[in-house]
Amino acid sequence: EEIISEVKLKTLPERLYPHITGRFAWILEDKKIYRLYPDGKKELYLKLKEGIKDFKPSPDCQYLAVFTEKQTKLYSADDKTLVYNVKIVPDSTFVFLGGDPPSFLIGKNMSNFESLTWPETLYLVRKGQPRLIMTNLSGTVVADHSGRAFYSIKPKNYIEKRDTETGK
């Protein structure tokens with residue numbers, strides 16, 4: 001194995017996502033998102049008054065979903081323009097779907113036990129509007145490559161394929 005590059009950090013980031021181009025990685029530290037470059041340079045990318053709990057870039061790195069304690073915010077990654085807010089925060093599932101801006105799925109735990117990841121409710125968020133589409137998931141949710149359908153695991157070992165437009 002050959003190491004392409006190595007960056008020494010003072011502390012480990014809470015989250016790290018490489019940009020699709022490989023020019024930098026986004027990292028989460030101290031409730032702020034930074035850009036970390038291969039030469040070790042770290043640059044503040046996004047800071048919110050309420051702090052950032054977690055984040056996730058879209059597969060094409062055009063958007064960032066940013067999670068605070070109370071809401072999910074979708075930003076354009078290029079210019080950090082806020083696209084919309086959703087007053088739901090995922091605690092079990094978050095999956096980007098296709099579209100521009102992208103739609104996504106947010107899973108919420110129905111249980112008060114943190115270690116229990118199911119049953120959960122699932123919301124489809126399109127253009128900033130959440131819609132409840134399922135209330136009895138039991139595990140993983142995966143989108144197909146087109147973003148037009150997703151697969152979900154149901155109780156009693158069933159796997160369903162559902163349309164992202166209708167939830168059917």
**Q.** Partners passing ring pair (Phe, Tyr, Trp, His ring centres under 6.0 Å) against Tyr17 (at least two apart in sequence or in another chain)
**A.** Phe55
**Q.** Residues which pass ring pair (Phe, Tyr, Trp, His ring centres under 6.0 Å) with Phe96, listed by chain and number, not counting sequence neighbours
**A.** Phe94
Q | Path from Phe67 to Val125 over hydrophobic side-chain contacts below 4.5 Å | A | yes
Q. Once you round to the nearest 0.5 Å, how far does CD of Gln129 lie from OG of Ser103?
A. 11.5 Å
Q) Out of curiosity, Lys87 NZ to Thr68 OG1, how far, rounded to the nearest 0.5 Å? A) 10.0 Å
Q: Count the heavy atoms of every other residue, nucleotide or ligand shown that sit under 6.0 Å from CG of Leu132, and state whether that count exceeds 12.
A: yes
Q: Assess whether atom CG of Leu82 is packed by more than 12 heavy atoms of other residues, nucleotides or ligands within 6.0 Å.
A: yes
Q. Which is it for Leu97 and Leu124 under the side-chain contact (heavy atoms from CB on, under 4.5 Å) test, yes or no, and what are the steps along the way?
A. CA-CA 9 Å; Leu97 303 172; Leu124 170 64; 3.6 Å; yes
Q: Check step by step if side-chain contact (heavy atoms from CB on, under 4.5 Å) holds for Ile133 and Tyr123.
A: CA-CA 6 Å; Ile133 57 172; Tyr123 295 86; over 6 Å; no
Restricting to non-hydrogen atoms, name the atom on [X] and the atom on [Y] that form the minimum distance, rounded to 0.1 Å.
X     : Y      : value
Ala25 : Leu16  : CB-CG, 4.2 Å
Val86 : Pro130 : CG1-CG, 4.0 Å
Cys61 : Pro18  : SG-O, 4.2 Å

Set of side-chain hydrogen bond (donor to acceptor under 3.5 Å, both in side chains) partners for [X], sequence neighbours left out:
X      : answer
Arg148 : none
Gln71  : none
Ser152 : none

Q. Do Lys108 side-chain atoms and Val89 backbone N/O form a donor-acceptor pair below 3.5 Å?
A. yes
Q) Between Thr93 and Leu122, is a side-chain contact (heavy atoms from CB on, under 4.5 Å) present by the stated rule, with each step listed? A) CA-CA 8 Å; Thr93 298; Leu122 189 67; 4.3 Å; yes
Q: Check which hydrophobic residues are tied to Ile20 through side-chain heavy-atom contacts below 4.5 Å, counting indirect links as well, and list them.
A: none
Q) For Val142, what are the other residues in its hydrophobic cluster, where any two members join if their side-chain heavy atoms are less than 4.5 angstrom apart? A) none
(Q) Out of the candidates Ile52, Ile33, Asp54, only one should pair with Arg15 under the side chain to side chain contact (heavy atoms under 4.5 Å, CB included) rule; please name it. (A) Asp54
(Q) Test: salt bridge (charged side-chain N to carboxylate O under 4.0 Å, His left out). Region: residues 60-85. Which pairs qualify, not counting sequence neighbours? (A) Glu50-Lys73
Q: List for me each residue that meets side chain to side chain contact (heavy atoms under 4.5 Å, CB included) alongside Pro101, sequence neighbours excluded, and say none if there are none.
A: Tyr63, Leu74, Val83, Tyr84
Q: Go through the structure and list residues passing side chain to side chain contact (heavy atoms under 4.5 Å, CB included) with Glu14, not counting sequence neighbours.
A: Leu28
Q | Pairs satisfying ring-ring contact (aromatic ring centres under 6.0 Å, His included), at least one member in residues 149-168, at least two apart | A | none
For residues 35-48, please give each side-chain donor-acceptor pair under 3.5 Å, one per line with the distance, not counting sequence neighbours.
{"unit_1": "Tyr37", "atom_1": "OH", "unit_2": "Glu43", "atom_2": "OE2", "d": "3.3"}
{"unit_1": "Asp39", "atom_1": "OD1", "unit_2": "Lys41", "atom_2": "N", "d": "2.9"}
{"unit_1": "Lys42", "atom_1": "NZ", "unit_2": "Glu29", "atom_2": "OE1", "d": "2.5"}
{"unit_1": "Tyr45", "atom_1": "OH", "unit_2": "Ala77", "atom_2": "O", "d": "2.6"}

